[in-house]
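Heads up: the structure comes next, in C-alpha coordinates.
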Amino acid sequence: MKNIIPMVKYHPDARFLTDYAAGSLPASQALCVATHLHYCALCRQKNRELTELGAELFMQLQPAEVDHSEFERLVARIAVVPVNQPAKTRQAQVVSILPTAINKLANGNLEQLEWRRIGNNLRVANLNLGDQQRETSLLSIKAGGHVPHHRHKGDEITVILKGSFSDHEDKYSTGDFIVRTRGETHRPVASQDQDCLCLSTLDAPIVMSNWLLRIGLYLYNLAAAPQRRQA
Amino acid sequence: MRTGSIKTMDYESDEQHLATPTDEKVQQWITCLEQVAARQDIKAFAALFEHFSPMIKSFAYKVPALEQADSFADELLQETMLKVWTKAASFDPKLASPSTWIFTIARNMRIDLLRKQARHVVNNVPLYKDGDDDEIDLEDIWFEDENSDLFNHLAQQRSRKQIHDSLLTLPAEQTEVLAKVYLEDKSHAEVAAELKLPLGTVKSRVRLALNKLKLVVDR
Ligand SMILES: [Zn+2]
(Lines give C-alpha, C1' and ligand atoms only; values in the text may rest on other atoms or scores of the structure.)
Protein backbone atom coordinates (compact mmCIF):
# COMPACT_ATOMS: atom_id res chain seq x y z
CA MET A 1 0.00 0.00 0.00
CA LYS A 2 1.26 3.42 -0.96
CA ASN A 3 1.94 5.70 1.91
CA ILE A 4 0.33 8.90 0.79
CA ILE A 5 0.51 10.82 4.00
CA PRO A 6 3.13 9.02 6.01
CA MET A 7 2.32 10.70 9.28
CA VAL A 8 -1.24 9.34 9.50
CA LYS A 9 -0.87 5.81 10.74
CA TYR A 10 -4.18 4.86 12.38
CA HIS A 11 -7.27 4.92 10.21
CA PRO A 12 -10.94 4.21 10.84
CA ASP A 13 -11.73 0.62 9.87
CA ALA A 14 -14.22 -0.45 7.20
CA ARG A 15 -17.03 -0.41 9.74
CA PHE A 16 -16.65 3.27 10.56
CA LEU A 17 -15.99 4.32 6.97
CA THR A 18 -19.01 2.42 5.67
CA ASP A 19 -21.39 3.71 8.33
CA TYR A 20 -20.08 7.21 7.69
CA ALA A 21 -20.58 6.99 3.92
CA ALA A 22 -24.02 5.52 4.49
CA GLY A 23 -24.93 8.31 6.88
CA SER A 24 -25.90 5.91 9.64
CA LEU A 25 -23.03 6.72 11.99
CA PRO A 26 -24.07 8.80 15.02
CA ALA A 27 -23.12 12.45 14.52
CA SER A 28 -20.48 12.45 17.25
CA GLN A 29 -18.63 9.50 15.73
CA ALA A 30 -19.20 10.88 12.24
CA LEU A 31 -17.47 14.06 13.38
CA CYS A 32 -14.44 11.94 14.34
CA VAL A 33 -14.40 10.28 10.93
CA ALA A 34 -14.84 13.64 9.17
CA THR A 35 -11.95 15.01 11.21
CA HIS A 36 -9.75 12.12 10.19
CA LEU A 37 -10.73 12.61 6.53
CA HIS A 38 -9.56 16.20 6.83
CA TYR A 39 -6.03 14.88 7.39
CA CYS A 40 -6.10 11.66 5.38
CA ALA A 41 -6.22 11.58 1.58
CA LEU A 42 -6.21 7.80 1.58
CA CYS A 43 -9.45 7.56 3.53
CA ARG A 44 -10.98 10.40 1.52
CA GLN A 45 -10.52 8.22 -1.53
CA LYS A 46 -12.08 5.24 0.26
CA ASN A 47 -14.96 7.41 1.36
CA ARG A 48 -15.50 8.42 -2.22
CA GLU A 49 -15.68 4.79 -3.29
CA LEU A 50 -17.99 3.86 -0.42
CA THR A 51 -20.26 6.74 -1.36
CA GLU A 52 -20.29 5.39 -4.92
CA LEU A 53 -21.43 2.08 -3.50
CA GLY A 54 -24.24 3.90 -1.69
CA ALA A 55 -25.24 5.65 -4.89
CA GLU A 56 -25.28 2.35 -6.71
CA LEU A 57 -27.54 0.75 -4.09
CA PHE A 58 -29.68 3.87 -4.14
CA MET A 59 -30.14 3.73 -7.90
CA GLN A 60 -31.14 0.07 -7.67
CA LEU A 61 -34.00 0.75 -5.30
CA GLN A 62 -37.44 -0.22 -6.42
CA PRO A 63 -38.76 3.09 -7.76
CA ALA A 64 -41.63 4.51 -5.75
CA GLU A 65 -44.61 6.11 -7.40
CA VAL A 66 -44.40 9.86 -7.72
CA ASP A 67 -47.46 11.92 -8.40
CA HIS A 68 -47.25 14.69 -10.95
CA SER A 69 -48.59 17.17 -8.41
CA GLU A 70 -45.33 16.77 -6.50
CA PHE A 71 -43.38 18.29 -9.35
CA GLU A 72 -45.87 21.14 -9.59
CA ARG A 73 -45.50 21.83 -5.91
CA LEU A 74 -41.74 21.91 -6.37
CA VAL A 75 -41.97 24.28 -9.32
CA ALA A 76 -44.05 26.64 -7.21
CA ARG A 77 -41.36 26.56 -4.54
CA ILE A 78 -38.36 27.03 -6.80
CA ALA A 79 -39.99 30.13 -8.26
CA VAL A 80 -39.44 31.93 -5.00
CA VAL A 81 -36.27 30.39 -3.66
CA PRO A 82 -32.90 32.07 -4.28
CA VAL A 83 -30.37 30.04 -6.20
CA ASN A 84 -26.85 29.62 -4.89
CA GLN A 85 -24.19 31.36 -6.92
CA PRO A 86 -21.56 29.12 -8.41
CA ALA A 87 -18.54 28.69 -6.21
CA LYS A 88 -16.10 30.97 -8.02
CA THR A 89 -12.69 29.83 -7.01
CA ARG A 90 -12.48 26.58 -5.20
CA GLN A 91 -10.38 26.90 -2.12
CA ALA A 92 -9.35 23.30 -2.21
CA GLN A 93 -5.70 24.18 -1.95
CA VAL A 94 -6.08 26.31 1.14
CA VAL A 95 -6.19 23.60 3.72
CA SER A 96 -7.11 24.93 7.10
CA ILE A 97 -5.30 23.37 10.02
CA LEU A 98 -8.53 22.38 11.72
CA PRO A 99 -11.54 20.79 10.04
CA THR A 100 -14.44 23.12 9.24
CA ALA A 101 -16.79 21.38 11.66
CA ILE A 102 -14.39 21.89 14.57
CA ASN A 103 -13.81 25.52 13.61
CA LYS A 104 -17.52 26.14 13.54
CA LEU A 105 -18.17 24.38 16.83
CA ALA A 106 -15.53 26.62 18.34
CA ASN A 107 -16.80 29.71 16.54
CA GLY A 108 -13.40 30.04 14.94
CA ASN A 109 -11.70 30.42 18.28
CA LEU A 110 -10.89 27.44 20.45
CA GLU A 111 -10.31 29.64 23.47
CA GLN A 112 -13.94 30.73 23.37
CA LEU A 113 -15.06 27.26 24.36
CA GLU A 114 -15.84 26.51 27.98
CA TRP A 115 -12.72 24.72 29.10
CA ARG A 116 -12.53 22.98 32.42
CA ARG A 117 -9.36 21.83 34.02
CA ILE A 118 -8.79 18.27 35.17
CA GLY A 119 -5.56 17.96 37.07
CA ASN A 120 -2.53 19.98 35.99
CA ASN A 121 -2.13 18.82 32.45
CA LEU A 122 -5.54 18.35 30.99
CA ARG A 123 -8.23 20.76 29.85
CA VAL A 124 -11.54 19.57 28.46
CA ALA A 125 -14.25 21.41 26.50
CA ASN A 126 -17.50 19.61 25.84
CA LEU A 127 -19.05 19.87 22.39
CA ASN A 128 -22.78 19.67 21.93
CA LEU A 129 -23.68 17.39 19.06
CA GLY A 130 -27.08 16.48 20.39
CA ASP A 131 -25.98 12.90 20.95
CA GLN A 132 -27.39 11.73 24.26
CA GLN A 133 -25.51 8.47 24.31
CA ARG A 134 -22.07 9.87 23.81
CA GLU A 135 -19.93 12.55 25.28
CA THR A 136 -17.89 14.48 22.76
CA SER A 137 -15.14 16.85 23.76
CA LEU A 138 -11.92 18.52 22.83
CA LEU A 139 -9.00 17.64 25.03
CA SER A 140 -5.92 19.75 25.39
CA ILE A 141 -2.98 18.00 27.01
CA LYS A 142 0.03 20.05 28.09
CA ALA A 143 3.33 19.18 26.43
CA GLY A 144 4.82 16.30 28.36
CA GLY A 145 1.72 16.00 30.51
CA HIS A 146 -0.30 12.87 30.95
CA VAL A 147 -4.01 12.21 31.03
CA PRO A 148 -5.07 10.64 34.32
CA HIS A 149 -5.08 6.88 34.24
CA HIS A 150 -8.54 5.82 33.20
CA ARG A 151 -10.55 2.79 32.29
CA HIS A 152 -13.23 2.76 29.62
CA LYS A 153 -16.76 1.79 30.35
CA GLY A 154 -17.66 2.24 26.70
CA ASP A 155 -15.85 2.62 23.42
CA GLU A 156 -13.79 5.72 22.88
CA ILE A 157 -12.63 7.32 19.65
CA THR A 158 -9.83 9.84 19.71
CA VAL A 159 -8.58 11.85 16.76
CA ILE A 160 -5.49 14.01 17.10
CA LEU A 161 -5.86 17.54 15.78
CA LYS A 162 -2.48 18.92 16.80
CA GLY A 163 0.66 17.51 18.36
CA SER A 164 1.10 13.91 19.39
CA PHE A 165 0.82 11.57 22.34
CA SER A 166 1.90 8.10 23.26
CA ASP A 167 0.68 5.31 25.47
CA HIS A 168 2.02 1.89 26.34
CA GLU A 169 1.39 0.72 22.79
CA ASP A 170 2.54 3.37 20.35
CA LYS A 171 3.03 7.01 19.49
CA TYR A 172 0.15 8.77 17.75
CA SER A 173 0.22 11.98 15.77
CA THR A 174 -1.94 14.45 13.88
CA GLY A 175 -4.82 12.81 12.03
CA ASP A 176 -4.56 9.45 13.78
CA PHE A 177 -7.91 7.82 14.55
CA ILE A 178 -7.59 5.74 17.70
CA VAL A 179 -10.27 3.41 19.02
CA ARG A 180 -10.20 2.11 22.57
CA THR A 181 -12.78 -0.44 23.52
CA ARG A 182 -14.61 -1.00 26.75
CA GLY A 183 -12.51 -2.21 29.62
CA GLU A 184 -9.11 -1.12 28.29
CA THR A 185 -7.04 1.09 30.53
CA HIS A 186 -4.49 3.48 29.26
CA ARG A 187 -2.50 6.50 30.23
CA PRO A 188 -1.67 8.76 27.30
CA VAL A 189 1.25 11.15 27.59
CA ALA A 190 1.62 14.17 25.31
CA SER A 191 4.97 14.56 23.61
CA GLN A 192 7.44 17.06 25.04
CA ASP A 193 7.65 19.47 22.12
CA GLN A 194 4.09 20.84 22.06
CA ASP A 195 0.62 20.69 23.56
CA CYS A 196 -1.62 18.03 22.13
CA LEU A 197 -5.17 18.77 20.99
CA CYS A 198 -7.58 15.87 20.47
CA LEU A 199 -11.18 15.30 19.64
CA SER A 200 -12.72 12.48 21.59
CA THR A 201 -16.08 10.84 21.82
CA LEU A 202 -17.06 8.14 24.25
CA ASP A 203 -20.01 5.84 24.56
CA ALA A 204 -20.27 6.04 28.31
CA PRO A 205 -18.50 8.19 30.85
CA ILE A 206 -14.93 7.31 31.76
CA VAL A 207 -14.09 5.82 35.13
CA MET A 208 -11.12 7.58 36.62
CA SER A 209 -8.90 5.19 38.49
CA ASN A 210 -8.02 7.87 40.97
CA TRP A 211 -10.80 8.19 43.54
CA LEU A 212 -9.89 11.77 44.41
CA LEU A 213 -10.26 12.81 40.84
CA ARG A 214 -13.56 11.00 40.68
CA ILE A 215 -14.87 12.99 43.62
CA GLY A 216 -13.53 16.16 42.03
CA LEU A 217 -15.37 15.42 38.81
CA TYR A 218 -18.51 14.58 40.73
CA LEU A 219 -18.39 17.91 42.53
CA TYR A 220 -17.64 19.66 39.30
CA ASN A 221 -20.60 18.08 37.57
CA LEU A 222 -22.87 18.98 40.46
CA ALA A 223 -21.80 22.57 40.17
CA ALA A 224 -22.07 22.61 36.40
CA ALA A 225 -25.34 20.75 36.11
CA PRO A 226 -27.88 23.54 36.71
CA GLN A 227 -26.02 25.74 34.30
CA ARG A 228 -26.15 23.13 31.64
CA ARG A 229 -29.84 22.59 32.13
CA GLN A 230 -30.47 26.24 31.41
CA ALA A 231 -28.43 26.28 28.26
CA MET B 1 -45.30 0.21 -0.68
CA ARG B 2 -43.02 -1.14 2.01
CA THR B 3 -42.71 -4.80 2.66
CA GLY B 4 -42.30 -6.15 6.14
CA SER B 5 -39.67 -8.77 5.53
CA ILE B 6 -36.58 -7.93 3.62
CA LYS B 7 -34.67 -10.84 2.26
CA THR B 8 -32.45 -8.91 -0.03
CA MET B 9 -32.89 -5.56 -1.61
CA ASP B 10 -35.96 -4.84 -3.64
CA TYR B 11 -34.17 -5.11 -6.90
CA GLU B 12 -36.33 -4.38 -9.83
CA SER B 13 -36.64 -7.35 -12.06
CA ASP B 14 -36.51 -5.73 -15.44
CA GLU B 15 -33.10 -5.71 -17.01
CA GLN B 16 -33.34 -2.19 -18.30
CA HIS B 17 -33.25 -0.77 -14.83
CA LEU B 18 -30.33 -2.88 -13.70
CA ALA B 19 -28.09 -1.92 -16.56
CA THR B 20 -25.17 0.31 -15.68
CA PRO B 21 -25.91 3.79 -16.89
CA THR B 22 -24.02 4.27 -20.06
CA ASP B 23 -21.61 7.14 -20.44
CA GLU B 24 -24.17 8.71 -22.70
CA LYS B 25 -26.86 8.60 -20.03
CA VAL B 26 -24.49 9.98 -17.41
CA GLN B 27 -23.52 12.74 -19.79
CA GLN B 28 -27.17 13.58 -20.27
CA TRP B 29 -27.71 14.12 -16.54
CA ILE B 30 -24.54 16.17 -16.33
CA THR B 31 -25.90 18.38 -19.10
CA CYS B 32 -29.23 18.68 -17.29
CA LEU B 33 -27.53 19.80 -14.10
CA GLU B 34 -25.41 22.28 -16.04
CA GLN B 35 -28.49 23.71 -17.71
CA VAL B 36 -30.24 24.09 -14.38
CA ALA B 37 -27.17 25.88 -13.07
CA ALA B 38 -26.60 28.11 -16.08
CA ARG B 39 -30.11 29.24 -16.87
CA GLN B 40 -32.48 27.68 -14.38
CA ASP B 41 -33.83 25.44 -17.06
CA ILE B 42 -37.14 23.93 -15.90
CA LYS B 43 -37.21 21.34 -18.65
CA ALA B 44 -33.82 20.00 -17.66
CA PHE B 45 -34.94 20.01 -14.05
CA ALA B 46 -38.07 18.06 -14.98
CA ALA B 47 -35.92 15.40 -16.62
CA LEU B 48 -33.82 15.07 -13.47
CA PHE B 49 -36.95 14.95 -11.37
CA GLU B 50 -38.46 12.23 -13.45
CA HIS B 51 -35.40 10.07 -13.23
CA PHE B 52 -34.34 10.54 -9.63
CA SER B 53 -37.47 11.27 -7.64
CA PRO B 54 -38.79 7.66 -7.52
CA MET B 55 -35.48 6.59 -5.93
CA ILE B 56 -35.51 9.45 -3.46
CA LYS B 57 -38.99 8.51 -2.30
CA SER B 58 -38.12 4.86 -2.12
CA PHE B 59 -35.03 5.78 -0.09
CA ALA B 60 -37.31 7.57 2.38
CA TYR B 61 -39.61 4.56 2.74
CA LYS B 62 -36.62 2.41 3.66
CA VAL B 63 -36.35 4.01 7.08
CA PRO B 64 -37.91 1.48 9.44
CA ALA B 65 -40.75 2.28 11.83
CA LEU B 66 -41.49 5.69 10.41
CA GLU B 67 -44.55 7.44 11.61
CA GLN B 68 -46.35 9.08 8.75
CA ALA B 69 -44.08 7.52 6.15
CA ASP B 70 -45.93 9.15 3.26
CA SER B 71 -45.44 12.68 4.43
CA PHE B 72 -41.83 11.91 5.32
CA ALA B 73 -41.21 10.57 1.81
CA ASP B 74 -42.89 13.59 0.38
CA GLU B 75 -40.80 15.96 2.40
CA LEU B 76 -37.56 14.16 1.59
CA LEU B 77 -38.36 14.32 -2.10
CA GLN B 78 -39.25 18.02 -1.96
CA GLU B 79 -36.25 19.07 0.10
CA THR B 80 -33.77 16.96 -1.85
CA MET B 81 -34.91 18.19 -5.25
CA LEU B 82 -35.06 21.75 -3.97
CA LYS B 83 -31.39 21.41 -3.00
CA VAL B 84 -30.60 19.97 -6.43
CA TRP B 85 -32.15 23.11 -7.90
CA THR B 86 -30.43 25.62 -5.65
CA LYS B 87 -27.05 23.89 -5.51
CA ALA B 88 -26.75 22.85 -9.15
CA ALA B 89 -24.01 25.42 -9.67
CA SER B 90 -21.78 23.64 -7.19
CA PHE B 91 -22.12 20.31 -8.97
CA ASP B 92 -18.79 19.41 -10.49
CA PRO B 93 -18.72 16.36 -12.77
CA LYS B 94 -15.00 16.04 -12.08
CA LEU B 95 -15.78 15.30 -8.43
CA ALA B 96 -18.84 13.09 -8.59
CA SER B 97 -21.29 11.54 -11.00
CA PRO B 98 -24.82 13.01 -10.99
CA SER B 99 -26.28 9.98 -9.21
CA THR B 100 -23.59 10.05 -6.52
CA TRP B 101 -24.11 13.78 -6.04
CA ILE B 102 -27.87 13.40 -5.72
CA PHE B 103 -27.55 10.37 -3.45
CA THR B 104 -25.30 12.44 -1.18
CA ILE B 105 -27.86 15.23 -1.00
CA ALA B 106 -30.69 12.76 -0.28
CA ARG B 107 -28.59 11.03 2.37
CA ASN B 108 -27.76 14.28 4.18
CA MET B 109 -31.31 15.50 3.90
CA ARG B 110 -32.62 12.25 5.34
CA ILE B 111 -30.26 12.50 8.32
CA ASP B 112 -31.40 16.08 8.81
CA LEU B 113 -35.11 15.30 8.64
CA LEU B 114 -34.77 12.31 10.95
CA ARG B 115 -32.93 14.42 13.49
CA LYS B 116 -35.56 17.12 13.33
CA GLN B 117 -38.20 14.47 13.83
CA ALA B 118 -36.36 13.01 16.81
CA ARG B 119 -36.04 16.49 18.28
CA HIS B 120 -39.73 16.96 17.84
CA VAL B 121 -40.64 13.65 19.42
CA VAL B 122 -38.14 13.46 22.26
CA ASN B 123 -38.54 17.12 23.03
CA ASN B 124 -35.79 17.44 25.58
CA VAL B 125 -32.29 18.78 24.98
CA PRO B 126 -32.26 20.36 21.52
CA LEU B 127 -29.99 18.55 19.09
CA TYR B 128 -28.81 21.77 17.62
CA LYS B 129 -29.34 25.14 19.05
CA ASP B 130 -31.73 26.75 16.63
CA GLY B 131 -30.49 29.91 15.03
CA ASP B 132 -27.43 29.95 17.22
CA ASP B 133 -24.09 30.95 15.80
CA ASP B 134 -22.28 27.81 16.85
CA GLU B 135 -24.92 25.58 15.41
CA ILE B 136 -23.21 22.81 13.52
CA ASP B 137 -24.27 22.19 10.01
CA LEU B 138 -24.69 18.56 9.00
CA GLU B 139 -22.88 19.40 5.82
CA ASP B 140 -19.78 20.22 7.80
CA ILE B 141 -19.76 16.68 9.14
CA TRP B 142 -20.86 14.93 5.97
CA PHE B 143 -19.00 17.36 3.77
CA GLU B 144 -18.52 17.40 0.07
CA ASP B 145 -15.01 16.39 -0.76
CA GLU B 146 -13.62 19.15 -2.90
CA ASN B 147 -10.10 17.85 -3.08
CA SER B 148 -9.50 16.39 -6.45
CA ASP B 149 -6.01 15.34 -5.36
CA LEU B 150 -6.49 11.66 -5.94
CA PHE B 151 -9.35 11.88 -8.26
CA ASN B 152 -9.17 9.82 -11.36
CA HIS B 153 -12.28 9.92 -13.45
CA LEU B 154 -11.54 6.76 -15.38
CA ALA B 155 -10.75 4.80 -12.27
CA GLN B 156 -13.98 6.09 -10.78
CA GLN B 157 -16.00 4.86 -13.71
CA ARG B 158 -14.27 1.52 -13.67
CA SER B 159 -14.92 1.12 -9.98
CA ARG B 160 -18.57 1.99 -10.49
CA LYS B 161 -18.88 -0.70 -13.14
CA GLN B 162 -17.05 -3.11 -10.87
CA ILE B 163 -19.39 -2.30 -7.98
CA HIS B 164 -22.42 -2.70 -10.18
CA ASP B 165 -21.44 -6.08 -11.57
CA SER B 166 -20.15 -7.59 -8.35
CA LEU B 167 -23.18 -6.50 -6.36
CA LEU B 168 -25.20 -9.05 -8.28
CA THR B 169 -22.90 -11.87 -7.29
CA LEU B 170 -22.81 -11.23 -3.55
CA PRO B 171 -24.30 -13.83 -1.21
CA ALA B 172 -27.71 -12.77 0.12
CA GLU B 173 -26.47 -12.37 3.70
CA GLN B 174 -23.86 -9.84 2.58
CA THR B 175 -26.29 -7.91 0.40
CA GLU B 176 -28.75 -7.85 3.27
CA VAL B 177 -26.26 -6.23 5.62
CA LEU B 178 -25.11 -3.68 3.01
CA ALA B 179 -28.72 -2.77 2.28
CA LYS B 180 -29.50 -2.26 5.95
CA VAL B 181 -26.47 -0.06 6.48
CA TYR B 182 -26.90 2.05 3.36
CA LEU B 183 -30.61 2.19 2.83
CA GLU B 184 -32.28 1.58 6.17
CA ASP B 185 -30.20 4.04 8.14
CA LYS B 186 -28.75 1.46 10.50
CA SER B 187 -25.21 1.43 11.79
CA HIS B 188 -23.27 -1.84 12.05
CA ALA B 189 -24.15 -1.95 15.73
CA GLU B 190 -27.86 -1.52 15.03
CA VAL B 191 -27.81 -4.16 12.30
CA ALA B 192 -26.11 -6.56 14.71
CA ALA B 193 -28.78 -5.92 17.34
CA GLU B 194 -31.58 -6.38 14.84
CA LEU B 195 -30.28 -9.61 13.33
CA LYS B 196 -29.17 -10.86 16.76
CA LEU B 197 -25.66 -11.35 15.47
CA PRO B 198 -22.38 -10.44 17.13
CA LEU B 199 -21.00 -7.12 15.88
CA GLY B 200 -17.98 -9.01 14.59
CA THR B 201 -20.15 -11.09 12.27
CA VAL B 202 -21.78 -8.02 10.77
CA LYS B 203 -18.39 -6.39 10.36
CA SER B 204 -16.98 -9.40 8.61
CA ARG B 205 -19.94 -9.71 6.26
CA VAL B 206 -19.46 -6.12 5.21
CA ARG B 207 -15.74 -6.64 4.88
CA LEU B 208 -16.24 -9.72 2.70
CA ALA B 209 -18.66 -7.78 0.52
CA LEU B 210 -16.27 -4.85 0.18
CA ASN B 211 -13.46 -7.22 -0.71
CA LYS B 212 -15.53 -8.72 -3.42
CA LEU B 213 -16.45 -5.28 -4.68
CA LYS B 214 -12.73 -4.45 -4.57
CA LEU B 215 -13.40 -1.49 -2.31
CA VAL B 216 -11.92 -0.61 1.05
CA VAL B 217 -9.66 -3.32 2.31
CA ASP B 218 -8.42 -3.04 5.84
CA ARG B 219 -4.77 -3.36 6.42
ZN1 LIG C 1 -7.11 7.42 6.93
Side-chain angles (χ1 to χ4, degrees), chain A residues 1 4 11 13-15 17-20 22-27 30-31 34 37 41 44-66 70-71 73-75 77-78 81-87 90 92 100-101 104-107 128-130 132, chain B residues 1 9-12 37 40 42 46 49 53-55 57-59 61 77-78 81-82 85-87 89-90 99-100 103-104 107 111 127-128 133-134 136 140-143 145-150 159-160 163-164 167 178-179 181-183 185-188 203 206-207 210 213 215-216 218-219:
Chain A
M1 178 138 309
I4 289 148
H11 307 266
D13 66 8
R15 166 204 172 184
L17 288 176
T18 313
D19 283 351
Y20 174 81
S24 57
L25 201 61
L31 176 64
L37 293 183
R44 280 203 298 275
Q45 175 61 22
K46 289 180 174 183
N47 176 51
R48 236 190 302 252
E49 288 173 13
L50 289 171
T51 309
E52 292 270 314
L53 171 58
E56 187 63 37
L57 292 165
F58 170 76
M59 291 310 288
Q60 289 184 13
L61 279 165
Q62 172 94 47
E65 239 173 83
V66 178
E70 297 182 56
F71 184 66
R73 192 148 71 88
L74 195 55
V75 169
R77 288 181 71 196
I78 61 179
V81 87
V83 168
N84 291 10
Q85 289 310 305
R90 272 185 200 285
T100 315
K104 286 211 183 159
L105 281 165
N107 253 331
N128 176 20
L129 286 166
Q132 321 264 315
Chain B
M1 201 161 301
M9 259 168 297
D10 304 333
Y11 283 117
E12 211 190 6
Q40 282 141 59
I42 293 272
F49 183 90
S53 63
M55 292 3 171
K57 262 190 112 167
S58 186
F59 184 58
Y61 283 117
L77 172 55
Q78 289 285 321
M81 287 309 293
L82 193 65
W85 175 264
T86 57
K87 285 183 67 188
S90 72
S99 57
T100 303
F103 162 70
T104 309
R107 176 199 67 190
I111 300 171
L127 295 179
Y128 300 117
D133 275 348
D134 56 354
I136 186 161
D140 293 326
I141 297 184
W142 279 275
F143 59 89
D145 190 353
E146 291 189 346
N147 286 299
S148 44
D149 41 16
L150 283 175
S159 88
R160 189 61 180 271
I163 291 170
H164 180 89
L167 262 177
L178 278 187
V181 167
Y182 273 101
L183 304 172
D185 188 43
K186 288 171 187 151
S187 65
H188 276 57
K203 276 183 172 173
V206 170
R207 207 160 23 224
L210 296 180
L213 300 172
L215 292 177
V216 174
D218 281 336
R219 290 142 295 252

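Letters go in sequence order (proteins before strands), and every chain restarts at 1. What you are looking at is a predicted structure, and each value in this text was computed from that prediction instead of being measured.
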Using 0.5 Å steps for rounding, measure from the CZ atom of A/Arg77 to the CG atom of B/Leu82. 4.5 Å

Structural part of B/Ser53 lying under 4.5 Å from a heavy atom of chain A: both

Side chains of A/Pro63 and B/Met55: closer than 4.5 Å at any heavy-atom pair? yes

In the structure I gave you, are the side-chain heavy atoms of A/Glu65 and B/Lys57 within less than 4.5 Å of one another anywhere? no

Is the shortest heavy-atom distance from the side chain of A/Leu74 to the side chain of B/Leu77 under 4.5 Å? no

Decide yes or no for B/Leu215 and A/Lys46: does some side-chain heavy atom of the first lie under 4.5 Å from some side-chain heavy atom of the second? no

For the atom pair CD1 (B/Ile141) and NZ (A/Lys104), what is the distance rounded to the nearest 0.5 Å? 11.0 Å

At a heavy-atom separation under 4.5 Å, does B/Val206 approach chain A through its side chain, its backbone, both, or neither? side chain

So A/Phe71 and B/Phe49, would you call those rings parallel, tilted or perpendicular, with 30° and 60° as cut-offs? tilted

Measure the OG-CD distance between B/Ser99 and A/Glu52 for me, rounded to the nearest 0.5 Å. 7.0 Å

Hey, does the side chain of B/Ser58 reach the backbone of A/Ala64 with a donor-acceptor pair shorter than 3.5 angstrom? no

Heavy-atom check, side chain of B/Thr100 versus side chain of A/Phe58, under 4.5 Å: no

Any side-chain heavy-atom pair from B/Trp85 and A/Val81 closer than 4.5 angstrom? yes

Criterion side chain to side chain contact (heavy atoms under 4.5 Å, CB included) against B/Tyr182, the qualifying member of A/Thr51, A/Leu50, A/Asp19: A/Leu50

Please name the pair of heavy atoms, one in A/Ala27 and one in B/Trp142, separated by the smallest distance, quoted to 0.1 Å. CA-CH2, 4.2 Å

Shortest non-hydrogen contact between B/Gln78 and A/Glu70, atoms and distance: NE2-O, 3.0 Å

For the atom pair OG1 (A/Thr18) and CG (B/Leu178), what is the distance rounded to the nearest 0.5 Å? 8.0 Å

Proximal component of B/Ile111, with respect to chain A [non-hydrogen, under 4.5 Å]: side chain

Can you tell me how far CE of B/Met81 sits from CD1 of A/Ile78, rounded to the nearest 0.5 angstrom? 9.0 Å

What is the minimum heavy-atom distance between B/Val181 and A/Ala22, and which atoms define it? O-CB, 3.3 Å

Quick check: do A/Leu53 and B/Leu210 have side-chain heavy atoms less than 4.5 Å from each other? yes

Quick check for you: to the nearest 0.5 Å, what is the distance between B/Phe103 atom CZ and A/Leu57 atom CG? 8.0 Å

